Amino acid sequence: MIFIDACKRKQTPYTPIWMMRQAGRYLSEYKELRKQAGSFLDLCHNVDLATQVTLQPIDILDVDAAIVFSDILVVPLEMGMPLEFLAGEGPKFGRTINTQEDIKNLKDEGYKNLTYVYDTLSQVRSQLSKQKALIGFCGSPWTLATYMIEGEGSKTYARSKKMLYTNPKLLHALLQKLTNELKGYLHMQIKSGVNAVMVFDSWASALQREAYLEFSWNYMKEIAAYVKKNFPQIPVLLFPKGIAGYLDKIDGEFDVFGVDWSTPMELAKQFLGDKYVLQGNLEPSCLYDISAMEKGVDAILSVMGKNGGHIFNLGHGMLPDLPRENAISLVQMVKEKTKR
Ligand code: CP3
């Protein structure tokens with residue numbers, strides 16, 4: 001598998017590429033199956049349809065890895081937090097976490113109920129070409145905690161940060177509980193056939209540096225170390241979004257560092273390129289325009305070259321209105337330009 005070889009810095013015939021949020025609304029085929037399922041969560045729960053949606057970008061884009069179709073928020077859902085995805089508004093929980101009691105009431109080992117994810121994974125793996133990797137994923141404890149404390153997406157993270165500064169012990173208790181769940185969740189995903197795992201820390205940049213290291217990065221490292229200890233052959237990818245200013249403090253036992261679009265690639269290479277394979281980091285909006293896209297690709301390749309240590313990706317997720325033709329061209333372009 002080209003993607004897995006690249007995670008391990010082995011020689012590959014070209015730089016592998018996949019895209020965060022490569023399954024989704026920019027594909028009419030996705031919208032069709034979501035309609036068939038009923039809602040986004042129904043689609044996540046439907047093993048056959050989730051399998052098809054996971055495989056769509058492989059067939060349409062010819063990317064080198066599939067990422068299982070699910071969401072980071074199914075973990076709190078199965079810990080007992082009712083969840084809805086409202087059209088145009090994003091996720092909403094039916095309750096929030098404010099007290100020790102609330103944390104105590106969260107179900108232990110809720111990840112064991114995520115059988116629909118595990119069944120999707122084994123079905124995808126059995127249908128996926130041997131050349132293509134299957135990536136499992138979870139959200140970081142901090143990013144999940146923000147949704148559980150706020151009850152929905154937030155611009156300021158005021159409630160989460162209020163807890164951090166007024167009752168840090170309480171936040172640590174929630175983060176530790178989530179960390180334990182996520183270790184079990186990734187363990188089960190690996191047992192179900194994934195070839196690599198990725199942790200998304202989408203709201204990393206909400207925290208100043210010392211708070212980030214204490215309340216998020218430490219737990220990411222704990223999860224990564226757990227996977228590496230139990231499954232040394234499985235690559236671990238960590239994606240903390242928007243922390244260019246903290247790169248000098250990044251350490252730990254993992255394989256691939258996901259570089260977001262706001263972090264200059266040369267900076268990531270300077271601080272982390274010797275120790276970790278770098279993944280990224282094309283600004284997704286470049287895909288609105290084919291020449292902007294090519295310029296972005298050339299800029300990244302001028303830093304990363306084509307001799308390994310790099311996995312091509314966007315610097316955050318695909319947007320619903322990006323033209324699919326440009327996504328298809330991007331994959332061909334990167335493969336062509338990095339051919340050895
Ligand atoms: O193709 C893939 O990347 C796999 C599937 C995937 C989804 N969500 C499907 C999805 C993955 C890896 C995620 C991760 C996820 N979910 C993150 C971390 C990555 C990131 O983008 O930062 C976060 C923060 C979430 C939470 C979430 N899920 C939000 C805020 C939203 C609403 C915003 C939106 O785009 O509508 C979702 C919904 C969601 N998750 C959709 C998809 C395809 C859109 C649902 C729809 O079909 O309407």
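All values below come from the heavy atoms of this structure, side chains included, with hydrogens, waters and symmetry mates left out. Both counts, for ligands and for their atoms, begin at 1 and track the order of listing. Please read all numbers here as calculations on a predicted model, not as lab measurements. Along the sequence shown, residues carry numbers from 1.
- Proximity of Pro91 to ligand 1 is established by a heavy-atom distance of less than 4.0 Å.
- With atom 45 (C) of ligand 1 as the reference point, the heavy atom nearest to it among Phe239, Phe40, Phe200 is part of Phe40.
- The protein non-hydrogen atom at the shortest distance from atom 11 (C) of ligand 1 is Phe137 CZ, 3.6 Å.
- Summarising the contacts of atom 3 (O) of ligand 1 with Glu89, Arg21, Lys241, the nearest heavy atom is found in Arg21.
- No side-chain donor-acceptor contact under 3.5 Å links Thr12 and Asp5.
- Here Tyr147 and Phe93 keep their ring centres 6.0 angstrom or further from each other.
- Under a 4.0 Å N-O distance rule, the pair Arg95/Asp102 does not qualify as a salt bridge.
- Distances between N or O atoms of Tyr147 and those of ligand 1 include no value under 3.5 Å.
- Less than 4.0 angstrom separates atom 33 (C) of ligand 1 from none of the non-hydrogen atoms of the protein.
- Applying the 6.0 Å contact sphere to NZ of Lys295 captures no more than 12 heavy atoms from other residues, nucleotides or ligands.
- A salt bridge links Glu222 to Lys183: at least one charged side-chain nitrogen sits closer than 4.0 Å to a carboxylate oxygen.
- Between Trp261 and Phe239, the ring centre distance reaches or exceeds 6.0 Å.
- Proximity to Tyr30 (heavy-atom distance under 4.0 Å) selects the following atoms of ligand 1: 43 (C), 45 (C), 46 (C), 47 (O).
- Only the backbone of Ser70 comes within contact range of ligand 1, with a heavy atom under 4.0 Å; no side-chain atom does.
- Look at Glu109 and Lys112 and you find a salt bridge, because one of the NZ, NE, NH1 or NH2 atoms lies within 4.0 Å of a carboxylate O, short of that distance.
- The shortest contact between atom 16 (N) of ligand 1 and any protein heavy atom is with Asp71 OD1, 2.9 Å.
- Of the protein's non-hydrogen atoms, the one nearest atom 17 (C) of ligand 1 is Ile72 CD1, 3.7 Å.
- Under 4.0 angstrom from ligand 1, the non-hydrogen atoms of Val68 all belong to its backbone.
- The nearest heavy-atom contact from the protein to atom 48 (O) of ligand 1 is Arg34 NH1, 2.2 Å.
- Not less than 6.0 angstrom separates the ring centroid of Phe137 from the ring centroid of Phe69.
- Regarding atom 1 (O) of ligand 1, its nearest protein heavy-atom neighbour is Ala23 N, 3.0 Å.
- The closest side-chain donor-acceptor pair between Thr54 and Thr51, if any, does not fall under 3.5 angstrom.
- The nearest non-hydrogen atom to atom 2 (C) of ligand 1, considering only Val74, Leu83, Ile67, Val199, comes from Ile67.
- Between Asp251 and Lys275 there is no salt bridge, since no side-chain N of the basic residue sits under 4.0 Å from a carboxylate O of the acidic one.
- When only non-hydrogen protein atoms are considered, atom 21 (O) of ligand 1 lies nearest to His316 NE2, 3.3 Å.
- The two residues Lys241 and Ala204 make their nearest non-hydrogen contact at O-CB, 3.5 Å.
- Considering both main-chain and side-chain atoms, Gln22 comes within under 3.5 Å of ligand 1 through a nitrogen or oxygen pair.
- For atom 37 (C) of ligand 1, the closest non-hydrogen atom on the protein side is Phe85 CE2, 3.4 Å.
- In terms of protein heavy-atom proximity, atom 22 (O) of ligand 1 is nearest to Ser202 OG, 2.5 Å.
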